[in-house]
Amino acid sequence: MSETLSAQNPVNLRLPDGSVRTFDGPVTGTTLAADIGPGLLKAALLVKVNGEAWDLSRPIEGDSDVAIITSRDKEEALDILRHDCAHIMAQAVQELFPGTQVTIGPNIEDGFFYDFARAKPFTEDDLPVIEERMREIVKRDLEVIREVWDRNEAIEHFKSIGEIYKAEIISDLPEGEPITVYRQGDWLDLCRGPHLPSTGKLGDAFKLTKVAGAYWRGDSSNEMLTRIYGTCWTDKKELKAYLHRIEEAEKRDHRKLGKEMDLFHLQEEAQGSVFWHPAGYVMYNELQDFIRARVTQFGYKEVKTPQLLDSKFWEQSGHWAKFRENMFVVPDEIPSIEEDAPIVTGSGKLMALKPMNCPAHIQIFKQGIKSYRDLPIRVAEMGVVHRNEAHGALHGLMRVRQMTQDDGHVFCREDQITEETIKFCELLSSVYRDLGFPDFRVLLATRPEKRDGTDESWDLAEQRLEDALKETGLEYGFAPGEGAFYGPKLEFHLKDAIGRTWQCGTLQLDPNMARNLGASYVAEDGSKQAPVMLHRAVLGTFERFLGIMIEHYAGRMPLWLAPTQVVVTPITSEADDYARSVYEKALAAGLRAELDLRNESIKYKVRDHSHKKVPAIFVVGGREAENNTVSIRRLGSNQQSVVDSPKAIEDLVAEAAKPDSTANA
RNA sequence: GCCGCCGUAGCUCAGUGGUAGAGCGCACCCUUGGUAAGGGUGAGGCCGGGAGUUCAAUUCUCCCCGGCGGCACCA
């Protein structure tokens with residue numbers, strides 16, 4: 001199967017165990033594997049040559065460090081299996097649906113996708129058919145052959161067979177880059193590789209999962225392609241485990257739990273705005289109390305500002321020009337009720353529901369004269385903002401149109417930026433730690449293409465933020481070009497139960513807005529200076545953060561956040577009075593307690609409250625009444641423990657304290 | 001906003017060109033049961049909205065609205 005090569009200089013290949021094998025001339029990975037042993041030859045998927053993944057059929061021409069990769073080398077194996085799976089899917093699609101063009105098909109976490117151009121998009125119903133054809137192609141065990149093509153010939157070839165997207169991709173590759181094409185049977189695709197030696201090596205641990213629309217090159221002004229997602233593993237057991245994982249993740253979807261636990265609902269008459277139910281609002285308020293205390297501790301003063309503001313503020317802030325389509329605009333006028341008299345009263349001005357709090361905070365800053373000695377001034381607000389989001393973007397609590405930010409603005413001097421950024425990172429880290437998210441990702445979002453300010457000012461701003469990040473010791477990455485038009489930002493990302501990441505916390509450095517809205521302070525030399533603003537939020541919004549927390553804890557909230565902390569319930573009605581007395585003591589101790597006197601079996605009541613995710617159930621019967629004890633059943637355990645009732649309450653009260661890692665830090 | 005799918009009882013879902021069904025939940029009755037469903041009876045639906053085809057539409061077609069999965073956008 002590998003090429004026969006004429007003997008030239010000897011080639012020495014060093015294996016991972018340090019041993020060296022010498023060949024007369026260039027040698028392929030296949031030959032090397034065969035030389036080592038038939039078992040390895042059978043298991044071999046690709047070869048790593050000096051750390052680079054190569055096809056087994058590609059001749060190794062000089063002395064190298066090599067390693068034969070098999071399915072036991074998970075990471076490398078999954079990479080190549082998934083990529084081959086995408087290719088085999090593309091072949092299946094083109095066999096079944098002639099005229100469909102291929103575009104790109106990369107690996108993603110847990111699988112792969114391939115984008116196709118086809119007049120009639122695929123539907124879920126097509127997936128089993130495509131999958132069946134894929135299995136057939138695997139069975140054909142087609143040899144996969146790597147070919148290096150001339151760039152122009154490649155472009156011509158793909159154009160001639162109607163693959164305009166592929167031709168476009170090649171045209172965009174830098175000159176001089178080798179154009180490699182992989183052929184399996186009579187199907188071929190442009191690809192960097194490497195690939196499996198034959199389709200049969202793929203195995204059967206794959207599944208097509210969903211179809212979706214996706215824009216060509218991720219640009220919404222381009223045409224929409226049809227994307228098929230799949231997952232692929234080294235064996236069936238892993239595939240099954242993955243599918244099970246997805247199923248489990250879906251069970252903790254906050255929209256599902258929100259319904260089951262009676263936390264909130266959404267309805268179309270207030271699309272994208274949350275109706276918080278009593279249970280959900282307990283969580284909301286507890287979280288708000290928590291962040292309010294923490295923010296105060298870090299030197300912020302809380303304010304409350306108007307919802308409706310004159311459009312002139314938004315013009316000055318730049319939002320009118322850049323954010324207008326996302327704003328709810330409200331004319332200040334009252335149309336007449338009478339049909340034939342369209343008289344309008346009011347100022348006729350345009351108002352807008354605030355999509356951000358910054359201009360309002362600047363108004364507070366502007367009251368009175370500020371000295372450089374007053375800075376930094378840290379303003380916080382549980383700011384209710386409205387944004388008219390694209391309808392397709394709305395998603396439970398994660399993406400809404402009315403949201404409450406734990407917003408804040410730091411007005412400071414330029415020389416205070418780094419210090420204030422460090423302080424914010426400390427605040428945010430303490431909050432995330434206390435809320436159960438010690439691991440989060442920080443990205444430094446740098447200058448976008450369209451931006452205000454000079455390159456020098458951006459150099460400085462980005463440097464200040466990066467200096468701060470270095471100082472904090474947080475690990476960070478970059479999001480090139482993702483900064484706001486006015487300045488760079490830090491993005492803090494959390495991952496949800498099904499692997500999607502959400503940006504929550506943010507810090508945005510803004511040297512301009514305060515000036516644009518006429519804010520200034522008196523500097524040491526008596527001159528008027530505009531303060532720098534740091535727009536920042538720790539949780540981001542209460543809506544999204546609670547959505548993430550519900551999923552993170554699968555509804556089993558820590559005691560301090562649980563809507564109902566304990567249910568007291570008797571086994572028979574004979575213990576009703578005792579149950580009531582325990583319940584009243586729990587209430588008096590400050591616990592969110594409920595009393596369940598329903599005439600139902602204890603089994604039923606335990607099941608019911610467990611479903612509702614109540615963290616603790618105090619079951620009481622004759623024995624408990626006699627000894628002044630309770631039988632405690634904690635959520636997630638099928639064990640009970642009998643404890644003196646005052647102690648049981650005391651323990652829960654202690655456990656229900658808000659977390660505070662800053663207290664003894 | 002774009003592509004695809006979906007919309008039947010409070011919830012989860014069957015189903016049919018002749019105006020509907022299950023389980024859970026709910027109400028009432030029986031049951032007093034030691035830790036994830038004790039039993040019975042009953043109420044509850046303009047089958048998302050509008051138009052069209054048809055003798056007849058919840059069912060077929062079109063439009064709208066909403067939900068879901070992605071894309072784009074974003075906290």
Side-chain angles (χ1 to χ4, degrees), chain A residues 113 115 118 120-126 209-229 250 253 255-256 259-260 262 265-269 271-272 323 325-326 355-356 383 385 387-401 403-407 482 489 491-494 498 500 502-506 508 535-545 547-548 569-576 599-612 617-624 631-640 642:
Chain A
F113 66 76
D115 285 347
R118 184 179 179 231
K120 183 180 181 297
F122 294 110
T123 74
E124 303 267 338
D125 296 337
D126 296 320
T209 51
K210 54 195 172 194
V211 293
Y215 297 108
W216 167 236
R217 304 209 146 159
D219 184 338
S220 61
S221 58
N222 287 342
E223 60 271 57
M224 181 150 281
L225 306 171
T226 170
R227 174 175 295 180
I228 302 179
Y229 284 93
E250 280 167 4
D253 187 308
R255 293 165 299 185
K256 186 173 152 69
K259 216 172 262 176
E260 288 169 6
D262 195 14
H265 85 270
L266 294 153
Q267 65 185 57
E268 61 181 286
E269 291 80 358
Q271 209 188 356
F323 206 69
E325 59 187 20
N326 285 301
M356 298 174 181
V385 297
R387 296 182 189 174
N388 198 348
E389 301 287 348
H391 284 202
L394 300 178
H395 182 95
L397 295 177
M398 303 298 203
R399 198 71 188 274
V400 292
R401 302 210 296 178
M403 66 208 90
T404 308
Q405 300 178 313
D406 64 317
D407 202 5
E482 296 291 313
K489 59 185 184 182
E491 299 177 355
F492 300 85
H493 293 262
L494 288 182
I498 46 183
R500 291 170 302 202
W502 296 97
Q503 188 191 328
C504 294
T506 179
Q508 307 178 6
H535 309 259
R536 36 103 299 158
V538 179
L539 304 176
T541 68
F542 287 94
E543 289 80 7
R544 177 177 292 182
F545 207 90
I548 291 169
T569 191
I571 289 167
T572 71
S573 56
E574 282 177 8
D576 280 4
N599 177 12
E600 295 288 355
S601 69
I602 195 62
K603 274 180 196 242
Y604 178 89
K605 289 188 283 191
V606 164
R607 180 182 148 86
D608 190 32
H609 295 119
S610 299
H611 278 160
K612 295 251 163 64
I617 305 174
F618 287 178
V619 175
V620 297
R623 294 202 293 270
E624 287 77 12
S631 168
I632 306 173
R633 181 176 170 125
R634 295 300 299 256
L635 184 61
S637 161
N638 52 12
Q639 309 280 306
Q640 303 100 46
V642 177

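Naming convention: chains lettered A, B, ... in sequence-line order (proteins, then strands); numbering from 1 in each chain.
- rC5(B) is paired with rG67(B) under the criterion used here, namely a Watson-Crick or G-U wobble arrangement in which both key atom distances are under 3.5 Å.
- Side-chain N/O atoms of K256(A) include none lying less than 4.0 angstrom from OP1 or OP2 on rU12(B).
- Using atom C1' as the reference point in both rG44(B) and rC24(B), the two lie 14 Å apart (nearest Å).
- Phosphate proximity of rC24(B) to Y604(A): absent, as no side-chain N or O sits under 4.0 Å from OP1 or OP2.
- Across all strands, A537(A) comes closer than 4.0 Å to no nucleic acid atom at all (heavy-atom distances).
- Summarising the geometry of E624(A) relative to V619(A), their closest heavy-atom pair is CG-O, 3.9 Å, with the distance given to 0.1 Å.
- With hydrogens and angles disregarded, no donor-acceptor distance shorter than 3.5 Å links the side chain of K605(A) to the backbone of I571(A).
- One can place NE2 of H395(A) at 15 Å from C1' of rC71(B), the figure rounded to the nearest angstrom.
- Among rG33(B), rG66(B), rG4(B), the nucleotide with an atom closest to any side-chain atom of Q271(A) is rG66(B).
- Checked against rG34(B), rC5(B), rG66(B), the side chain of T123(A) finds its nearest nucleotide in rC5(B).
- The side chain of V211(A) approaches rG4(B) more closely than any other nucleotide in the set rG4(B), rA72(B), rU35(B).
- Residue E624(A) is in base contact, counting any heavy-atom pair closer than 4.0 Å across all strands shown.
- When the C1' atom of rC6(B) is taken as reference, atom CD of E124(A) falls 11 Å away, rounded to whole Å.
- In terms of heavy-atom proximity, C504(A) sits nearest to I548(A) at SG-CD1, 3.4 Å.
- R227(A) comes within 4.0 angstrom of the backbone, heavy atoms only, and of no base.
- With a cut-off of 3.5 Å on both Watson-Crick or G-U wobble distances, the partner of rA72(B) is given as none.
- Residue Y215(A) places a side-chain atom within donor-acceptor reach of the base of rG1(B), judged by atom type and a 3.5 Å distance cut-off alone.
- Taking atom CD of E600(A) as the reference point, atom P of rC28(B) lies 12 Å away to the nearest angstrom.
- One N or O on the side chain of R544(A) and one on the backbone of M398(A) form a donor-acceptor pair closer than 3.5 Å.
- Residue contacts for Y229(A): at a heavy-atom cut-off of 4.0 Å it reaches the sugar-phosphate backbone alone, with no base atom in range.
- Put simply, K210(A) has no side-chain N or O that comes within less than 4.0 Å of OP1 or OP2 on rG69(B).
- The pair R217(A)-D219(A) does not meet the salt-bridge criterion, since no charged nitrogen lies less than 4.0 angstrom from a carboxylate oxygen.
- Taking only side-chain nitrogens and oxygens, R118(A) never comes nearer than 4.0 Å to OP1 or OP2 of rC3(B).
- Applying the side-chain contact (heavy atoms from CB on, under 4.5 Å) test to T209(A) and every residue at least two apart in sequence or in another chain returns Y229(A), T231(A).
- Rounded to whole Å, the separation between the P atoms of rA22(B) and rG42(B) comes to 11 Å.
- With both ends at atom P, the span from rC11(B) to rC46(B) equals 13 Å, rounded to whole Å.
- In a base pair of the Watson-Crick type (N1 to N3 plus N6-O4 or O6-N4) or a G-U wobble (N1-O2 and O6-N3), with each distance short of 3.5 Å, rC46(B) is matched with no nucleotide.
- Atom CD1 in I571(A) sits about 9 Å away from atom C1' in rG33(B), given to the nearest Å.
- Within the 4.0 angstrom heavy-atom criterion, no nucleotide atom of any strand lies near Q405(A).
- Atom P of nucleotide rG69(B) and atom CG of D125(A) are separated by 19 Å, given to the nearest angstrom.
- Counting any heavy atom pair closer than 4.0 Å across all strands shown, K605(A) reaches no nucleic acid atom.
- V385(A) comes within 4.0 angstrom of no nucleic acid atom, judged by non-hydrogen atoms across all strands.
- Two residues, S637(A) and A390(A), neighbour RNA chain B, and the one matched to the more 5' nucleotide by heavy-atom proximity is A390(A).
- At the heavy-atom level, T572(A) lies under 4.0 Å from base atoms of the strands shown.
- Side-chain N/O atoms of T541(A) and base N/O atoms of rA75(B) include a donor-acceptor pair closer than 3.5 Å.
- Within 4.0 Å (heavy atoms only), G218(A) reaches sugar-phosphate atoms of the nucleic acid but no base atom.
- When both pairing distances are held under 3.5 Å, rC28(B) makes a Watson-Crick or G-U pair with rG40(B).
- Here the side chain of K603(A) is nearest to one of rC26(B), rU35(B), rG4(B), namely rU35(B).
- Comparing atom distances between the P121(A) side chain and each of rG4(B), rG70(B), rG38(B) picks out rG4(B) as nearest.
- At rC24(B), none of the side-chain N or O atoms of R607(A) fall inside 4.0 Å of OP1 or OP2 (strictly under the cut-off).
- In terms of heavy-atom proximity, H391(A) sits nearest to R401(A) at NE2-NH1, 3.5 Å.
- Minimum atom distance to the side chain of H391(A) is reached by rG1(B), of the listed rU12(B), rU35(B), rG1(B).
- With both ends at atom P, the span from rC30(B) to rU35(B) equals 26 Å, rounded to whole Å.
- Phosphate contact (OP1/OP2 of rG38(B), side-chain N/O of S601(A), threshold under 4.0 Å): present.
- Both E389(A) and V620(A) sit near RNA chain B, but only V620(A) has its closest nucleotide nearer the 5' end.
- For the P atoms, the distance linking rG17(B) with rC71(B) amounts to 38 Å, nearest Å.
- Nucleotides rA14(B) and rC3(B) place their P atoms 27 Å apart, quoted to the nearest Å.
- Put simply, the residue from I602(A), D608(A), D576(A) that forms a side chain to side chain contact (heavy atoms under 4.5 Å, CB included) with T569(A) is I602(A).
- Between V400(A) and E389(A), the closest heavy-atom pair is O-CG, 3.6 Å.
- The residue A212(A) sits close to a base: some heavy atom pair falls under 4.0 Å.
- Within 4.0 Å of H611(A), counting heavy atoms only, lies at least one base atom of the nucleic acid.
- Shown here, rU61(B) forms a base pair with rA51(B); the pair counts as Watson-Crick or G-U wobble because both key distances fall under 3.5 Å.
- Going from the C1' atom of rU41(B) to that of rC63(B) covers 46 Å, rounded to whole Å.
- As the counterpart of rG23(B), rC11(B) is assigned, both hydrogen-bonding distances of the Watson-Crick or G-U wobble pattern falling under 3.5 Å.
- The local environment of CD in E223(A) is crowded, with over 12 non-hydrogen atoms from other residues, nucleotides or ligands closer than 6.0 Å.
- In this structure, the CZ atom of R623(A) is 9 Å from the P atom of rU35(B), given to the nearest Å.
- When the P atom is used for both rA57(B) and rG66(B), the distance is 27 Å, rounded to whole Å.
- Atom C1' of nucleotide rG34(B) and atom CZ of R633(A) are separated by 11 Å, given to the nearest angstrom.
- Note: CZ (F323(A)) to P (rA75(B)) measures 7 Å, nearest angstrom.
- Residue E268(A) has its side chain nearest to rG66(B) when only rC3(B), rC73(B), rG66(B) are considered.
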